[in-house]
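Convention: sequence-line order gives letters A, B, ...; per-chain numbering from 1.
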Amino acid sequence: MKVPLRLEFNKIDTIFHSTPSPLNLSHQSYRQISFTHRSTNLNNLLNATLHTKHLKHATQIHTQIITNNYTCLPFLLNNLLNLYAKCGNINRNLLLFSTNHGGFKNVVIWTSLITQLSRSSKPFKALTFFNKMRSTGIYPNHYTFSAILPACADSMMVEHGEQMHCLIWKHGFQTDIFVGTALVDMYAKCTDMTSAERVFAEMPDRNLVSWNSMIVGFLQKKLYYRAVEIFREIRRQVSDSPDEVSCSSVLSACANIGCLEFGRQVHGIAFKHGLVALTYVNNSLMDMYCKCGLFGDALELFKTIGDRDVVAWNVVIMGCVHCGKFEEACRYFWFMRTEGIAPDETTYSSVLHASASLSALNQGTLIHDQTLKTGFMNNACVASSLITMYAKSGSLVDANRMFEEIQERNLVCWTAMIAACQQHGCANQAIELFEEMLGKGIEPDYISFVSVLSACSHAGHVEEGFVYFSSMTEVHGMNPGPEHYACMVDLLGRIGKLEEAKRFIESMPIKPDSSVLGALLGACRNYGNLEIGREIAKRLFALEPDNPGNYVLLANMLMRKGMMEEADEVRRSMGINGVRKEPGCSWIDVKNITSVFTVHDRSHSRTDEIYEMLRKLEELVIRKGYKPETQFAVNSVEGYKEQSLWYHSEKLALALGLLALPVGAPIIIKKNLRTCGDCHTVMKFASEIFGREIILRDINRFHKFTNGLCSCKDYW
DNA sequence: CTAGGGTTAG
């Protein structure tokens, strides 16, 4: 950077003598420019202003350039362009450029403008000016190509970059290290790693930046091991040691593959080269430790950082979410604000995820308020998170309201809303939304198909489900994944076509995973098909021996058929394998206080009233024709069964809700496992008897009980 | 006048 230490001429000279540092330029100096007619003086003042970045001063100099007819001087024009860019006013550049028809423009000036447009993420404008430049007969040079290639990458159309690649050959800049690196980066960003690798291989020489571009490329293509391999190559054959870009990028790769061992090595390398204090490296390190399950180590690092930027906080908040510390995630969110760090869309999506996982409507609403105050309400990412938060907190109405308010809905917004409807049992609405989305020309992806297929299965739309399923390959050119196959198995299983579901699994081109087999096992439970159920359960035990759910499901099926010995055997094998059923637990909020219940819980301060309420409830439901479904009782001691059934956690929570919530208010209960069949029946009766809406959110769906019916249509 | 980086939503 050129900084005028001393200016030679009259008035300006005296000004600078009185203010030795260009940073101290007073407003006075700019007013006095009018006394000078020398372009060099103006240029020196321009250079000085590059440091102060005052837009007002830039415009004053600009006026002088025009009044003195200096627009024909390329260096002045060029420096002015750069000055406007430094002041963060790209529009001024465009204006200056377009109004300056008579002015002389050389390749340097054009390149300056293209660079600025490229950097201010206006890729299409940059490309337009590149073409304009060529049409005026000026040839691009290696600077121009280095500047335009990031814009090509940004335009997300590899065709632009490929055309540029041809031009580079035509003009003979393919051997330039900057151009080569920019090409590698462009292909990598357009996820064409084959071309990136070819260009990289053909480069006559490469520097660290070139190598780093390769790491980043593989990172983006999720080829993490190859990213790690490049890092190793750098250590082996590049004379420069890895810098902060190499380290932060490769750490991201380590984080994604959960490779703690190599991540630790990189930590050591970064330490050796004095890079650990750098923000990027630090944040990547924290993320790596979080994703490798060492949240504590990440937090240790976090505490050592003096200047924690928003990404550092985001990484910690995500880390909390990652290891299920949802309350802590919310605490960090409020804490970062006290340190004066403004949340961004990443922060909001992470903390809303935490809030959704807690089904904490009050917390979520407070965060919603914050998004409004900080102007994030029109952000598609934040809005999608809000939809999911409201839906998972039990309020489909609010989720829908959020959806309606979004001005520009992207695929994720639509999918969030479709999933919300699906989780709340509004399958038809989910399917309608999906169709509406297709009508708007939005291309569905992997996740949106999962949502619509589960809606189909939920509503029993077999044919529609199969049409959507085959449209994945036929129309949208994607291969169904395990989740989609699981939906189809569920679809068949739900209507009792167990044999067909089994054949469907046999015909799968990919190996059925636990979600696919689990769907069939669930169907077998619901239809009491022990024969297929046993077989599928065995396959599941082999596939995921640590999942208690499968053992419990099979044991329940056996008990239902009165095969107590075999049921006990299943339970015993669970013990032998060291698997323990997670204790069922339910919670309910009353006036901002959360009460948690486990089975037979007597720890609540209103225990006596709760048990009295349950006694009354039992009387009332029996009068309505309720029969206990004892197969859901875990304890096999006769006579104790019914009683045990009555003190399941969700029933205790229901009783408290009935006691403590105002008449007419919905009773919202959350449970950590799938809800038990007997409790489900009782909830239905209770909703009718008390004329209240009961919302039970279990591990995988919402049950909304109204007037004796459940939104899940008794299949979950 | 030129090339590369960390966190996120369904």
Under 4.0 Å, heavy atoms only, any strand: does [X] hit a base, just the sugar-phosphate, or nothing?
| X | result |
| --- | --- |
| E244(A) | base |
| V311(A) | base |
| T279(A) | base |
| T388(A) | sugar-phosphate |

How many whole angstroms separate atom [atom1] of [X] from atom [atom2] of [N]?
| X | N | atom1 | atom2 | value |
| --- | --- | --- | --- | --- |
| I447(A) | dA9(B) | CD1 | P | 9 Å |
| H353(A) | dT8(B) | NE2 | C1' | 11 Å |
| F403(A) | dG10(B) | CZ | P | 15 Å |
| Y348(A) | dT7(B) | OH | P | 21 Å |
| Y390(A) | dA9(B) | OH | P | 20 Å |
| I114(A) | dC1(B) | CD1 | C1' | 10 Å |
| L208(A) | dG5(B) | CG | C1' | 11 Å |

#### Entry: Nucleotide nearest V216(A) when distance is taken to its side chain, options dG5(B), dC1(B), dT7(B)
dG5(B)
### Task
Identify which nucleotide among dG10(B), dA3(B), dA9(B) has an atom closest to any side-chain atom of A419(A), counting heavy atoms from C-beta outward.
dG10(B)
[N] base / [X] side chain donor-acceptor hit below 3.5 Å:
| X | N | answer |
| --- | --- | --- |
| D176(A) | dA3(B) | no |
| T415(A) | dG10(B) | yes |
| D445(A) | dG10(B) | yes |

### Message
Closer than 3.5 angstrom, by distance alone: can the side chain of R697(A) be matched with the main-chain N or O of S393(A) as a donor-acceptor pair?
### Response
no
### Query
Quick check: does any side chain N or O of T365(A) sit under 3.5 Å from a backbone N or O of L361(A), one acting as donor and the other as acceptor?
yes
### Query
Mind checking whether F200(A) and W211(A) have ring centres under 6.0 Å apart?
yes
### Query
Can the ring centres of F449(A) and F434(A) be said to be less than 6.0 Å apart?
yes
### Query
Is the aromatic ring of Y143(A) within stacking range of dT2(B), meaning centres under 5.5 angstrom and planes under 30 degrees?
no
